[in-house]
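Here is the structure we will look at.
A quick note: this is a predicted structure, and the numbers were derived from the prediction, not measured. Letters A, B, ... mirror the listed sequences (proteins, then strands); counts begin at 1. Side chains included, hydrogens not; waters and symmetry mates left out as well; all remaining heavy atoms used.
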Amino acid sequence: MNLWILTEERPKKEVLKMIFEYFAKDQNCGFFGDSIRIIPLLYKDKTFSFTYEVIGFKCAKVDRIYIKTVSGSSSFTDFLVFYQDNLPTVKDTPLYAIEETKTDDKESRNTGVYQRCSKFVFIQNYYPKTKLVMLYALQVGQKEKPTETYIFGTRLLLTLGVEILGKKLDPNIFKPFTSIEELRIAKANMRPAPAGNIPIAINIADEDWIQVSGRLFKSGGLSHDPNIGALSIISAVIRKLGFKGKIEIIMHGLEQRHVGKTNKFVQIANVLGIELEGLTLPKATLPEDYWHYETKGEKLGTIFIHLVVENFTESYSIFENHAGCEKGYFVTKDGQHLALEKYADRDAYKAGDKNQIIYIPDLVLLDISETEVITIEGKKYEFKQNGIDELNNYDTFDERYLKVYYPEFKIVRTVVLYGSKNEQIAEIEVGFLLNENGKLVLGIKAPKLFKRAISNLLDYWN
DNA sequence: GCGCTCCATTGTTGACTACA
DNA sequence: TGTAGTCAACAATGGAGCGC
């Protein structure tokens, strides 16, 4: 059978390797292969099939390994792994749902721990039999002593049946909760919140009624992300431990007009049977499908060019700006990872000067043999002109990073597009177009790195 | 333009440490 | 043992992007 890996992001080799090793261990089969390669599958007419194959990993129980780019309808785990012969559909059950994190414990406040929890609660509505895995990918020296919040959050995950990978956990501390009373005491013994804050606390009112306090109101609605996660998973764990009575969220700060049917927490509350103090919970239904294959997004283009460059040339990326606002790091020559500044002058920005935002590109590739850095803006074809315009915004980025850390490199700015049925590009600012038929179109003045990468890819398939 | 999601930083204060 | 200074842990809030 084949392994199918569905993801919203660019698949990273280190993470794939961890997934394969986990599979081999979980399925009790031998494997070998240390250096893997990600290959775009081309049809005979040299168009892209929108499927990648991973080579270099061998396992007795796996014929082929494929990667497809997808989009989640609501919150989506980073990877779904299917073990089957045919292309997965939403009706198939994934073997694993994997959430990858690079949050180290230095940042383990409420956000790092709780915000990810709601994904695991959410996916159980669709795939209750799928094994849930939390994967710690970036091992930058584990902190000696985990925080109480971190311990509490991890124990909640363990109780839900989530497996933790890539991290050593002391089994004496990190163990699933076995009773609701144990859960209540664990939270009650943590350090109290500052005065004026609403602490998360579990109150067993009577044998059919548990109250959990926690603020859910934020900036005009139900969008308090850390607590959406915390209260979801606490409630899910209370159910998992067998409680059938009333779970009531108190001190949430919401009014009736704030609770809409499309809100993620409202949906989870419907499924788990959670009530909100003083409010009527609207009947809400979940989006029908948990995911679909991505066919529109600009990332289809940038992920493609990135993978072709990294797998068919010696070059690699030194900066990657992820969708949303996940922290991206700028990589210096000696391998340092720098967190980028967001504003040229933070105070001026806060005072209302929006010009202080430092515009950052979607991707920066390093062409060592040509001594060029290639700054890439990704766009859908229909927004081609926006992409070209945005190329002018990177002066501050160049001054602060590229010219400082790669002074001898020539800076090339280019747009990478996805979409349309066009097979030519007139604009010299556009370096590459992947059209919706999978046609690979190089721009008139495409960076040499793109030409080399595409040429090597075509040679591979000849 | 609003609502929602996601990833992130910020504010407040308890706890610890060094020192007199 | 009292106190100033610093760090770290708790919850609150900021802000970008996307879909409608």
Self-check item: Comparing A:His258 and A:Lys119 on DNA chain B - which has the more 5′ nearest nucleotide
Solution: A:His258

Quiz item: B:dC6 P sits how many Å from A:Phe265 CZ, rounded?
Solution: 14 Å

Self-check item: Distance in angstrom units between A:Asp78 CG and B:dT5 C1', rounded
Solution: 14 Å

Practice problem: List for me each residue that meets side chain to side chain donor-acceptor pair (under 3.5 Å) alongside A:Lys13, sequence neighbours excluded, and say none if there are none. | Solution: A:Asn311

Quiz item: Do any side-chain nitrogens or oxygens of A:His224 fall under 4.0 Å of OP1 or OP2 in C:dA11?
Solution: no

Quiz item: Distance check: side-chain N/O of A:Asn227 vs OP1/OP2 of C:dA11, anything under 4.0 Å?
Solution: no

Quiz item: Using 30° and 60° as the class limits, which term best fits the ring planes of A:Phe122 and A:Tyr126: parallel, tilted or perpendicular?
Solution: tilted

Exercise. Name the nucleic acid region contacted by A:Ile228, choosing base, sugar-phosphate or nothing; use a 4.0 angstrom heavy-atom cut-off, strictly under.
Key: nothing

Self-check item: Under the side chain to side chain contact (heavy atoms under 4.5 Å, CB included) test, residues paired with A:Glu275 that sit two or more places apart
Solution: A:Lys246

Practice problem: Ignoring hydrogens and angles, answer whether the base of C:dG15 and the side-chain atoms of A:Lys218 contain a donor-acceptor pair closer than 3.5 Å. | Solution: yes

Quiz prompt | Candidate nucleotides B:dC6, B:dT5, C:dA12, ranked by approach to the side chain of A:Asn263 - the nearest | solution = B:dT5

Quiz item: Tell me: CD1 of A:Ile268 to C1' of B:dT5, nearest whole Å?
Solution: 12 Å

Quiz item: Where the side chain of A:Lys264 is defined as all heavy atoms beyond and including C-beta, which of B:dA8, C:dA11, B:dT5 is the nearest nucleotide?
Solution: B:dT5

Self-check item: Aromatic ring pairing A:Tyr394/A:Phe397, orientation class (parallel under 30°, perpendicular over 60°, tilted between)
Solution: perpendicular

